[in-house]
There are 2 protein chains.
Amino acid sequence: MSQAGSGIDLPTSVGYLLKQASSALRTAMDEALRPLGMTITHYSCLELLAQRPGLSNSELARGAFVTRQSMNVLLQALERAGEVTRPDVAPSGRVLPVTLTDRGRRTLAQASAAVRAVELRMLAGLSDREQQEARRILAGLVDALAAPAPTTG
Amino acid sequence: MSQAGSGIDLPTSVGYLLKQASSALRTAMDEALRPLGMTITHYSCLELLAQRPGLSNSELARGAFVTRQSMNVLLQALERAGEVTRPDVAPSGRVLPVTLTDRGRRTLAQASAAVRAVELRMLAGLSDREQQEARRILAGLVDALAAPAPTTG
DNA sequence: TGACTCATGTCAGAAGTCTGACATACCGTC
DNA sequence: GACGGTATGTCAGACTTCTGACATGAGTCA
């Protein structure tokens, strides 16, 4: 009977549990990636590029859930480090397609293994059916939040 | 058949979906709280204090999923703003119990309503049974990640 | 053709959070 | 009583990300 109507009961709030799970995953991934000298955004960028070569800065930003400004800062560092490449001039419009280099692929291979271990650990207690249910529910939450707020739209 | 074994297939990864949902929630909450001039951590801190008065800086940090250093920075600002109070000397040990002021409670009331609307929107498409399932699965993920990594422990 | 809208890449500044470090206080055991 | 381990509050510095702003290029429509 706590917080009757006025607030949000944290321990049972789906939003709070979502943040808690996300925070735990973030911590675990950070710990797995730290020995490799990588951040989560760094890894996400490389993984995105491996699966969809030629993605633009803005597309990478959306895929990694950061702003395109933040992704641009990262891409400049990755270019200097020789993990990705961007053409000097845009082939079309303003979009600069980003490509993984061999060095980038090698870096990703290590990171991907580390992250894979974390994901497997996270899913250890869930049956295949529960994993499917998790995907379905999480996708549902994303869809529901994608709709604009009543007051805004 | 993408990423056969070597990496993680993002679109079907529970971890990626979790981050996506968390990011969507974060964005929605940011937008809801911005008109009130509050951040998510600010709101989280106040909500935590409303439900469990006398929480310490470190306990608030854990509850809001930030470091105790970050929470301390926030608490100093909230003290200046007159939303919370801390005694000058610790009643016991080094722990300084934090308490909500009337001003803090009023601020929280507005924020809580805004956040509540976001949570309701997020859960709009889920039945009561699905919400229970969501809580159970998310709690399971947290527990699984709480166990130390095999290589570490 | 011209105007309007939208998306992109980029720069600059500010805000939030983090890591590292230190001193202090409790609790267990010896 | 003395010790080591643990947890706390705090300071300092650096990093990452964000918001705000601008110019460029594509697409749409009159």
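Protein chains get the first letters and strands the later ones, always in sequence-line order, with residue 1 at the start of each. Everything quoted here is computed from the prediction, not taken from an experiment.
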**Message:** Under the side-chain contact (heavy atoms from CB on, under 4.5 Å) test against V98(B), which residue among L48(B), L55(B), L75(B) passes?
**Reply:** L75(B)
**Message:** Students often get this wrong, so: under 4.0 angstrom with heavy atoms, is E59(B) touching a base, only sugar-phosphate, or nothing?
**Reply:** nothing
**Request:** With axes from five pairs an end, tell me the bend angle of the helix from dT1(C)-dA30(D) to dC27(C)-dG4(D), nearest 10°.
**Result:** 30°
**Prompt:** Rounded to the Å, how far apart are L75(A) CG and dT8(C) P?
**Reply:** 14 Å
**Request:** Find the distance Q76(A):CD to dT10(C):P and express it as a whole number of Å.
**Result:** 7 Å
**Message:** Ignoring hydrogens, what is the shortest heavy-atom contact between T41(A) and M71(A)? Give both atom names and the distance.
**Reply:** CG2-CE, 4.3 Å
**Request:** Kindly write out the residues that satisfy side chain to side chain contact (heavy atoms under 4.5 Å, CB included) with T107(A), not counting sequence neighbours, or none if the list is empty.
**Result:** M38(A), L46(A), E83(A), R103(A)
**Asked** Sequence neighbours excluded, which residues qualify as salt bridge (charged side-chain N to carboxylate O under 4.0 Å, His left out) partners of R105(A)?
**Response** D102(A)
**L55(A) CG to dA7(C) P, straight-line distance once rounded to whole Å** = 17 Å
**Request:** Let me know the distance between CG of L96(A) and P of dA7(C), rounded to the nearest Å.
**Result:** 18 Å
**Prompt:** How does each nucleotide of nucleotides 14-23 of chain D score, in 5' to 3' order, for protein heavy atoms under 4.0 Å: base (B), sugar-phosphate only (S), or none (-)?
**Reply:** ---SBBBB-B
**Asked** Residues two or more places apart in sequence or in another chain: which of them pass side chain to side chain contact (heavy atoms under 4.5 Å, CB included) with P87(A)?
**Response** P91(A), L96(A), P97(A)
**Asked** What salt bridge (Lys or Arg N to Asp or Glu O under 4.0 Å) pairs are there with at least one residue in residues 129-139 of chain B, not counting sequence neighbours?
**Response** E130(A)-R136(B), R136(A)-E130(B), E133(B)-R136(B)
**Between dT10(D) (C1') and D88(B) (CG): distance, integer Å** = 15 Å
**Prompt:** CG of N57(B) versus P of dC11(D): gap in Å, rounded?
**Reply:** 11 Å
**Asked** Does N72(B) place a side-chain N or O at less than 4.0 Å from the phosphate oxygens OP1/OP2 of dT10(D)?
**Response** yes
**Item:** Under the side chain to side chain contact (heavy atoms under 4.5 Å, CB included) test, residues paired with Q69(A) that sit two or more places apart
**Value:** T67(A)
**Request:** Any pair with a residue in residues 61-79 of chain B that passes salt bridge (Lys or Arg N to Asp or Glu O under 4.0 Å), sequence neighbours left out, goes on the list, sorted by first then second residue, please.
**Result:** E79(B)-R86(B)
**Request:** Using heavy atoms to find the nearest nucleotide of DNA chain C for G93(B) and S58(A) separately, return the residue whose nucleotide is more 5′.
**Result:** S58(A)
**Non-neighbouring partners of S13(A) that pass side-chain hydrogen bond (donor to acceptor under 3.5 Å, both in side chains), sequence neighbours left out** = E119(B)
